[in-house]
Trainee: 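One structure is given below, represented as structure tokens, and several questions about it will come after.
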Amino acid sequence: MSKKNIIELNQISKNYERKIALSSLSFVVEKGETIALIGPSGAGKTTLLNMLASNFEPSSGEIFIDGRPLSQLTDRKKRAKKIGIIRQQFDLVGQLAVIHNVLAGRLADWGLGKSLLNLFIPQERQAATQALTRVGLPDKMYERTSNLSGGEQQRVALARLLMQKPEIILADEPVASLDPSRAEDILEMLTKIAKEEQQTVIASLHSVEYARKYFSRLIALKNGELFFDLPADQVTNKQLQELYQLKELK
Ligand SMILES: Nc1ncnc2c1ncn2[C@@H]1O[C@H](COP(=O)(O)OP(=O)(O)O)[C@@H](O)[C@H]1O
Ligand SMILES: [Mg+2]
């Protein structure tokens, strides 16, 4: 093994009472891979991302990060350095200025008070300016966040992620609420940043087209099971048709 396995899933299952959301899922992720999670609604994508984000534990099986059980990564600051999350609804505080939301990327590091104080520390302001410049919003620093468009707000969320600098980025339908050109803009930026920072990305996506275009590997789930796991350029249209076919039509 020449490359480092940053994530390893070993026979992960998750039940919600009697519903089996994920069934005995295993795969390994190398550092720097960009993975799109695809599959029909209800396939288990959000459940999987929630477990990777430590929102809840699997019913059985184990997740390893850098070879160590995720369940032992309980220190919030250490976890924030490892794993960052970008959500469909951006999780920004609308009434605050953009710069506050960007600096919040440091929250897990330093705590809320210090993070707001850091607004006045030149290095931090400079880092936030750089992050905003990288996402193409250098002039929006003091704008009220809620005044920005959806696409701009998702860029602010990316700038916040640049401040956090996690090794792994998880994203659940990060562009679902954006129009197609904004969506492509964000995916292009996200995958470009990840490449530059050697970050690992796992993002669930509705659009197979975007998944193939921007990600290196596609993991398809169906009914809580692994349907295929392939390099993006090896996925065939037939496989995609079968993936999205309704159960009743089989
Ligand atoms: N909190 C919950 N309670 C009960 N069932 C749930 C819950 N969350 C998800 N499920 C079920 O688990 C399955 C997987 O859901 P989910 O992970 O949200 O799929 P996806 O994100 O691929 O659409 C679905 O059948 C869904 O109805
Ligand atoms: Mg979902």
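Start at 1 and go down the list; that is how both ligands and their atoms are numbered. Because the structure is a prediction, the values reported are computed rather than measured.
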Trainee: Out of curiosity, Leu25 CG to Leu221 CG, how far, rounded to the nearest 0.5 Å?
Mentor: 6.0 Å
Trainee: Using a 4.0 angstrom limit on heavy atoms, which residues are close to ligand 1?
Mentor: Tyr16, Lys19, Ala21, Pro40, Ser41, Gly42, Ala43, Gly44, Lys45, Thr46, Thr47
Trainee: Please say which of Arg217, Lys195, Lys4 ends up in a salt bridge (Lys or Arg N to Asp or Glu O under 4.0 Å) with Glu33.
Mentor: Arg217
Trainee: Please output the side-chain donor-acceptor pairs of residues 38-58 that fall under 3.5 Å, not counting sequence neighbours, one pair per line with the distance.
Mentor:
residue	atom	partner	partner atom	Å
Lys45	NZ	Gly39	O	2.8
Lys45	NZ	Pro40	O	3.1
Thr46	OG1	Asp172	OD1	3.4
Thr46	OG1	Asp172	OD2	2.8
Thr47	OG1	Tyr16	OH	3.1
Asn50	OD1	Asn55	ND2	2.7
Asn50	ND2	Thr46	O	3.3

Trainee: Can you establish whether the number of heavy atoms outside Leu226 located under 6.0 Å from its atom CG is more than 12?
Mentor: yes
Trainee: What are the two closest heavy atoms between Gln153 and Leu92, and how far apart are they?
Mentor: O-CD1, 3.2 Å
Trainee: In Å, rounded to the nearest 0.5 Å, how long is the span from CZ of Phe64 to CD of Glu8?
Mentor: 6.5 Å
Trainee: Closer than 2.8 Å to the Mg ion (ligand 2): does that hold for any N, O or S atom in Thr46?
Mentor: yes
